[in-house]
Amino acid sequence: MISKTIRIRFAPSPTGYLHVGGLRTALYNYLFARQNKGVFILRIEDTDRTRYVEGAVENLINTLRWAGLDFDEGPKKGGSFGPYIQSERLDIYRKYAEQLVNDGKAYYCFCTSERLEKMRDDLEGTGAFAKYDKTCLKLSQSDIEKNLAVRSTYVIRMKVPENRIIKFHDLIREEVEIASDLIDDQVLIKSDGYPTYHLANVVDDHLMKVTHVIRGEEWLPSVPKHILLYEYFGWEIPKLAHLPLLLNADRSKLSKRQGDVAVEDYKAKGYLKEGLVNFVAFLGWNPGDEREIFSLDELVKEFSLERVGKAGAIFNIEKLNWINLQHIHQKTNEDLIPILKEILSNSKYKGLNLSDEYLANVIGAMRVRINYVSGILEKSSYFFEQPQSYDENVLKKHWRQETPNQLSKLIKEYSLLQNPTKEDYETALKKTAEQLGIGAGKLIHPTRLAVSGMGEGPGLYDILFTLGKEEVIKRIETAINKIKF
RNA sequence: GGCGCUAUCGUCUAAGGGUUAGGACACCGCCCUCUCAAGGCGGGAAUACGGGUUCGAAUCCCGUUAGCGCUACCA
């Protein structure tokens with residue numbers, strides 16, 4: 001038997017940015033598609049006009065591309081099942097909704113939202129499930145025609161049968177069953193003519209020949225509605241897989257407020273796409289052994305839906321930091337230059353015209369001391385500007401009465417050097433210390449403070465070499481003048 | 001409130017009837033060291049609770065509890 005091509009879709013609504021939870025959903029879809037030599041589709045679910053955000057689709061596409069999740073069919077890219085933006089498919093949904101009405105599986109509803117709201121309010125506290133009371137289901141054909149003729153606004157609702165237990169199989173949750181009595185006569189077409197998620201989703205998944213639906217757990221309770229629709233249309237139901245949710249530290253659904261939630265925020269901070277992708281892949285999945293660092297290609301090979309867990313996972317930034325560092329380790333200094341440049345150009349240092357060589361040296365000095373590239377600006381601004389102040393504690397500990405004179409001696413020694421290497425700085429410093437009859441540390445710490453303003457960072461000679469002789473001497477002189485005992 | 005889903009160290013997780021319940025992050029200690037990191041070595045830390053089934057349960061079943069999700073003309 002010939003198995004049919006696996007077709008997978010990622011179907012976000014364009015809210016303005018890609019949520020990290022969305023990134024994980026997209027990633028799992030992508031991994032599953034690639035692993036099975038299937039087709040990965042991007043579909044934009046923009047059926048809520050009140051939430052329209054300018055430029056959101058472009059942003060989504062760019063972010064997915066940044067993460068390395070290329071899709072085979074979708075907006076801009078095209079494909080045989082387009083358009084891939086739902087707001088451009090309104091005629092299709094209307095046609096199928098009307099077909100349902102004709103088949104007696106759905107009906108027009110003219111109730112005002114005020115009436116529905118009042119109905120829900122009245123039911124509140126009674127313990128009853130506040131579902132639509134099916135008033136418009138009782139309308140006669142002539143009533144309906146009369147209403148339609150005067151162009152009353154209306155919606156189309158699906159009929160949901162009573163007393164049915166709807167069972168389905170989920171690739172992650174196994175068997176799930178929900179009583180149809182608890183399901184509302186869901187609106188399919190809204191009064192503005194747009195479809196709701198449920199209709200659009202089912203129609204598109206069928207028309208686009210989607211074989212597997214991999215999405216967030218928040219959709220689990222509405223699966224019965226979808227199953228009913230598939231039945232009404234006589235369509236085959238795709239395989240379902242509902243992913244566990246991503247959570248805040250307090251176990252609520254991951255949201256803004258509690259930290260960055262947009263993929264672009266992480267990109268802007270200088271997290272590597274490899275790091276973010278690797279981290280997010282492990283929120284709910286693991287390979288079953290003790291390996292933790294994976295490239296996207298390796299994930300494609302190893303991923304399996306069977307190993308996806310059921311419980312929600314907290315988005316733990318500490319672990320992300322560590323995983324990202326592991327990926328930084330795998331990069332050369334040169335690899336990271338474009339990222340640093342990008343960050344610099346969005347910072348107060350944007351006017352600086354630093355050479356690639358300089359940047360590479362800075363990266364080389366800082367790469368094991370950061371978790372993301374912008375950490376370089378946070379932890380070593382002295383590579384981009386003179387120290388603005390000198391750390392009080394370091395001052396107290398290492399700056400003595402005699403320090404200025406000792407540093408003056410060091411400056412003299414350094415000024416004699418020609419194109420000094422790191423070793424030259426070290427040799428000269430040690431020689432000076434010896435002549436002064438003091439330990440090298442007596443010179444090292446004050447010099448570090450003079451040159452960086454702080455007491456921690458890369459090896460001193462790395463800093464000096466990167467900064468260059470002129471700058472080093474200038475900064476030490478400045479420190480001698482500015483720091484009064 | 002109703003319905004659904006979920007439950008192993010603080011966090012991400014492994015073990016799917018027999019293990020001293022394993023790893024990683026974080027934390028602590030030691031080593032390395034001009035500082036801070038990185039790295040190496042070591043340490044503390046978990047089966048939510050109660051009942052079953054079984055010779056034996058983290059694992060299977062039931063209940064409780066808790067958390068989350070859904071309960072829109074939002075997705």
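Sequence lines set the chain letters: A, B, ... in the order given, protein chains first and strands last, and positions in each chain run from 1.
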- Pick the P atom in rC73(B) and in rC5(B), then give their distance to the nearest Å. 24 Å
- Message: For the backbone of Leu229(A) and the side chain of Lys105(A), can you confirm whether one donor and one acceptor N or O come within less than 3.5 Å of each other?
- Response: no
- Under-4.0 Å salt bridge between Asp185(A) and Lys159(A): no
- Item | Closest non-hydrogen atom pair, Gly312(A) against Leu247(A) | C-CD2, 3.7 Å
- Out of rC34(B), rG69(B), rC73(B), which has the shortest distance to the side chain of Leu116(A)? rC73(B)
- Interface residues of residues 282-289 of chain A with RNA chain B (non-hydrogen, below 4.0 angstrom): Phe282(A), Leu283(A), Gly284(A), Asn286(A)
- Query: Would Lys319(A) and Glu292(A) satisfy salt bridge (Lys or Arg N to Asp or Glu O under 4.0 Å), going step by step from the backbone distance to the final call?
  - Reply: CA-CA 11 Å; Lys319(A) 185 87 180 215; Glu292(A) 289 196 291; 3.0 Å; yes
- Message: With rounding to the closest Å, how many angstrom separate the C1' atoms on rA21(B) and rG39(B)?
- Response: 29 Å
- Item | Distance flag, aromatic centroids of Tyr28(A) and Trp285(A), threshold under 6.0 Å | no
- Do any side-chain nitrogens or oxygens of Thr196(A) fall under 4.0 Å of OP1 or OP2 in rC74(B)? no
- Task: Please check the phosphate of rA72(B) (OP1 and OP2 only) for any side-chain N or O of Lys190(A) closer than 4.0 Å.
- Result: no
At a cut-off of 3.5 Å, list every protein nitrogen or oxygen paired with a nitrogen or oxygen from nucleotides 4-9 of chain B, distance to 0.1 Å.
{"unit_1": "rC5(B)", "atom_1": "O2'", "unit_2": "Arg173(A)", "atom_2": "NH1", "d": "2.9"}
{"unit_1": "rC5(B)", "atom_1": "O2'", "unit_2": "Glu217(A)", "atom_2": "OE2", "d": "2.7"}

Pairs under 3.5 angstrom, nitrogen or oxygen only, protein versus nucleotides 37-41 of chain B, please.
{"unit_1": "rA37(B)", "atom_1": "O2'", "unit_2": "Val368(A)", "atom_2": "O", "d": "2.6"}
{"unit_1": "rA38(B)", "atom_1": "O4'", "unit_2": "Val368(A)", "atom_2": "O", "d": "3.3"}

- Query: When we call it a touch if two heavy atoms are under 4.0 Å apart, what does Val155(A) touch: a base, just sugar-phosphate, or nothing?
  - Reply: base
- Could you check whether Ser191(A) gets within reach of a base, just the sugar-phosphate, or nothing at all, counting any heavy atom under 4.0 Å? base
- Message: On the nucleotide rA15(B), are OP1 or OP2 found under 4.0 Å from the side-chain N or O atoms that Arg307(A) carries?
- Response: yes
